[in-house]
Amino acid sequence: MQLLRINSIVLHTRIYGPGWRTAVWFQGCTLACEGCWNKELWPAKGAEMRHYKEVLAELMSASRSEGVTFLGGEPLQQAEALLPLLQDLKANGKSIFLYSGYERKELDETQQACVALADIVVLGRYIEAERDTNLRWRGSRNQVVEFQSDRYGESDKNGEASEYEVHIKNDGTSLILGYPPEDVRSLFT
């Protein structure tokens with residue numbers, strides 16, 4: 001069965017790739033990069049187990065989003081269930097942006113197939129000593145944004161910048177995406 005451990009989905013964001021995107025955070029990561037900003041996503045427990053077709057339907061419902069960005073946790077640790085989701089998204093015209101802490105040389109055949117479907121990919125461990133919050137779409141200088149299709153290019157990245165969004169939910173609570181300065185973050189905690 002093609003079940004995915006999903007922590008959360010944000011249907012409309014502009015900071016995790018070009019244009020309006022949907023962001024999907026996977027639950028579970030054994031890489032345990034020192035200084036990781038998403039340690040709460042390391043345990044495999046605490047996630048909603050969802051069939052990839054159900055996730056696909058939700059992602060396709062975000063009509064304003066031109067593509068989907070997969071983050072973690074570690075998406076490629078669920079490659080068997082992720083692959084059919086990526087294939088269906090591509091078949092439906094959505095672009096794919098994939099983050100992974102793995103290096104290419106570490107990928108098995110299924111993980112390589114997932115990476116090959118991405119229009120944009122960022123690979124490599126987060127390295128705390130190389131942390132740079134002024135980079136667009138990545139957290140440390142060793143990570144490189146790779147454009148793998150003709151759909152996007154360097155001009156879509158539009159330089160380097162620290163980005164964040166604040167989403168105010170219907171219940172009045174807020175969700176902060178990205179990594180705002182501490183003075184901004186303190187306004188919402």
Below 4.0 angstrom, N of the basic side chain to O of the carboxylate: do Lys53 and Asp88 qualify?
-> yes
State whether the side chain of Gln111 and the backbone N or O of Asp108 hold a donor-acceptor pair below 3.5 Å, judged by distance alone.
-> yes
Run the salt-bridge test on Glu146 and Arg104 with the 4.0 Å N-O cut-off and return the result as yes or no.
-> yes
With respect to Leu85, which candidate in Val68, Leu117, Leu59, Ile96 satisfies the side chain to side chain contact (heavy atoms under 4.5 Å, CB included) definition?
-> Leu59
Verify, without hydrogens or angle tests, whether Ser140 (side chain) and Glu130 (backbone) share a donor-acceptor contact under 3.5 angstrom.
-> no
Carboxylate-amine/guanidinium contact Arg131 Glu128, below 4.0 Å = no
With distance as the sole criterion, is a donor-acceptor pair present between the side chains of Glu74 and Thr30 under 3.5 Å?
-> no
Under 3.5 Å, side chain of Lys94 to main-chain N/O of Ser65, donor-acceptor pair present?
-> yes
Could you walk me through whether Leu98 and Leu76 pass the side chain to side chain contact (heavy atoms under 4.5 Å, CB included) test, one step at a time?
-> CA-CA 9 Å; Leu98 177 65; Leu76 292 182; 4.0 Å; yes
Single-linkage hydrophobic cluster, 4.5 Å side-chain cutoff, Ile6 and Leu11 together | yes
The single option from Leu83, Val121, Leu107 passing side chain to side chain contact (heavy atoms under 4.5 Å, CB included) against Cys114 | Leu83
Note: Arg64 and Trp20 closest approach over all heavy atoms is O-CB, 3.4 Å
Are there more than 12 heavy atoms of other residues, nucleotides or ligands under 6.0 Å from atom CG of Asp150?
-> no
Measure from the side-chain N and O atoms of Arg138 to the backbone N and O of Gln143, and report whether any donor-acceptor pair falls under 3.5 Å.
-> yes
State, without any angle test, whether Ser95 and Arg21 hold a side-chain donor-acceptor pair at a distance under 3.5 Å.
-> yes
Short side-chain to backbone donor-acceptor contact, Arg136 and Lys157, under 3.5 Å | yes
Working to the nearest 0.5 Å, report the span between CZ of Phe97 and CD of Gln148.
-> 10.5 Å
Side chain of Gln27, backbone of Ala44: donor and acceptor closer than 3.5 Å?
-> no
Distance-only polar pair, side chains of Tyr102 and Gln77, donor-acceptor under 3.5 Å = yes
Are the ring centres of Tyr16 and Trp25 closer than 6.0 Å?
-> yes
Backbone N or O of Arg125 within a donor-acceptor pair of the Asn142 side chain at under 3.5 Å?
-> yes
Centroid separation Trp137 to Tyr99 less than 6.0 Å = no
Is it true that a side-chain atom of Asp156 and a backbone atom of Gly153 form a donor plus acceptor pair closer than 3.5 Å?
-> yes
